[in-house]
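Notes follow once the structure below has been shown.
Chain naming here is simple, since letters A, B, ... match the order of the sequence lines and numbering starts at 1 in each. Note: hydrogens, waters and symmetry copies are ignored here, and every other heavy atom, side chains too, is used.
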Number of protein chains: 2
Amino acid sequence: MTTQPVPFPTQADDCCPSLTVSPLSLDDAQDFARILKAVADPTRLRLVSLVAAHEQQEACVCDLTEPVGLGQPTVSHHLRLLVDAGVLHREKRGVWSYYSLEADTLNRLSAFLSPK
Amino acid sequence: MTTQPVPFPTQADDCCPSLTVSPLSLDDAQDFARILKAVADPTRLRLVSLVAAHEQQEACVCDLTEPVGLGQPTVSHHLRLLVDAGVLHREKRGVWSYYSLEADTLNRLSAFLSPK
DNA sequence: CCCAGATATTGACACTTGTCGATGTATCGT
DNA sequence: ACGATACATCGACAAGTGTCAATATCTGGG
C-alpha cells in the first residue's frame, strides 16, 4: 500500500480549506480573496448569471453588452477579470469569443463559504 | 384576500436568488455584491475564520489584532465592514466587543454561488 | 488583399479601499 | 472622581477599481 500514515485524521480533509473550520493561512486567504474579488461586483455577477442562463450555457460579448448596459470595452474588461480568476472560460470560435461557466471554481467557492 | 395572483409558478421559489439559474436583477446583483465585497479581502477572510475557530465561536478585537498582524484601528475597521454586511455579529459586554458568526448570511452566500 | 465586424488593449479619470497615527468614547476598578 | 484599558472614529495617503473613448488586433468574405 502506498497510502500515507495520516497521523491526524482531522487534517485528512485538508484538501479544500473551509472558512469556518480553522484559521486560514495567509496563502489560502489570498487565494480565495482573489476569486471573491472577481465576483464581488454587481456587473460581473450579472455577467456570470447571463452566461449561465444563456443557451448552451455560453455567450459572446455581443450577447452581454446590451443586457448590462455598458460599453463593449468595459464588458470585455470584466469578462477578462472573471476568466483570470477562473470563474469563466473563454473559447474563441471564428470572430466570436464564447464565455462559459467554470463550474468547479464556483463549487469550490460555495463549499469554502458553507459553514461547518 | 390580499395575496398576489402569482401567475408563474416558476417564480415561486424566488425566495433565494441563485447565480446560475436566471439573469440577476440589478437589485439582487448589488445585494450580493455588497456581501461578497465584505468577504473579498484576505484580512477579513482571516478575521472571519479566526472568529469561527475561537472558543465559543466568538472573539474580541484583542484576540484578533495579533494573529492578523495589523493595528487595532485597522482590525476594528475591517470588523465594522463585516458587521455592516451581516457577516459578523457584534455584542458588547463590559469593555469588550465580542464578534461572532452570522451563519445565515454565509449560508445564503454559499447557496447563491452553488451551481444548479 | 482589403474591408467590415467582433473583440481586446490602452490611457485617462473619478472614485473607492486598505492602512496608519492620532484622537475620541465608554467601562470597570480603585 | 480618576485613571487605565478596550474599542471606535477621524483624517490622511497610496494603491486599486470601474468606466469610458480611442485605438489596436484578429477573422471571414468578397
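- Phosphate proximity of dA8(D) to Arg90(B): present, with a side-chain N or O under 4.0 Å from OP1 or OP2.
- Phosphate contact (OP1/OP2 of dC7(D), side-chain N/O of Thr65(B), threshold under 4.0 Å): absent.
- When rounded to the nearest whole Å, the span between CG of Leu70(A) and P of dC20(D) equals 5 Å.
- Following rounding to the nearest Å, Arg46(B) (CZ) and dT19(C) (P) show an atom-to-atom distance of 11 Å.
- Atom CD in Gln72(B) sits about 13 Å away from atom C1' in dA26(C), given to the nearest Å.
- Within the 4.0 Å cut-off from OP1 or OP2 of dA8(C), at least one side-chain nitrogen or oxygen of Ser97(A) is found.
- Using a 4.0 Å cut-off, no side-chain N or O of His77(B) falls inside it from OP1 or OP2 of dC20(C).
- Leu50(B) has its side chain out of reach of Asp63(B): every pair of non-hydrogen atoms, C-beta onward, lies at least 4.5 Å apart.
- A distance of 15.5 Å separates CD in Gln57(B) from OH in Tyr98(B), rounded to the nearest 0.5 Å.
- Applying the 4.0 Å criterion to OP1 and OP2 of dA8(D), one finds that Tyr99(B) has a side-chain N or O inside that range.
- OP1 or OP2 of dT27(D) has not a single side-chain nitrogen or oxygen of Arg93(A) nearer than 4.0 Å.
- In this structure, the CG atom of Leu64(B) is 12 Å from the C1' atom of dC7(D), given to the nearest Å.
- Listed nucleotides: dC7(D), dC28(C), dT7(C). Nearest to the side chain of Val61(A): dT7(C).
- Comparing Thr43(A) and Trp96(B) along DNA chain D, the residue whose closest nucleotide (by nearest heavy atom) sits nearer the 5' end is Trp96(B).
- Using a 4.0 Å cut-off between charged side-chain N and carboxylate O, Glu58(B) and Arg93(B) make a salt bridge.
- Distances shown here put every side-chain N or O of Thr74(B) at or beyond 4.0 Å from the OP1 or OP2 atom of dG18(C).
- The nucleotide whose nearest atom lies closest to any side-chain atom of Arg80(B) is, among dT7(C), dT9(D), dC7(D), dT9(D).
- Expressed to the nearest 0.5 Å, how far CG of Leu36(A) lies from CZ of Arg34(A) amounts to 12.0 Å.
- A sub-4.0 Å separation between OP1 or OP2 of dA8(C) and a side-chain N or O of Ser76(A) is present.
- Spacing between atom CG of Leu79(B) and atom P of dA6(D) amounts to 16 Å, rounded to whole angstrom units.
- Val87(A) pairs with exactly one of Leu82(A), Val51(A), Leu109(A) by the side chain to side chain contact (heavy atoms under 4.5 Å, CB included) rule, that one being Leu82(A).
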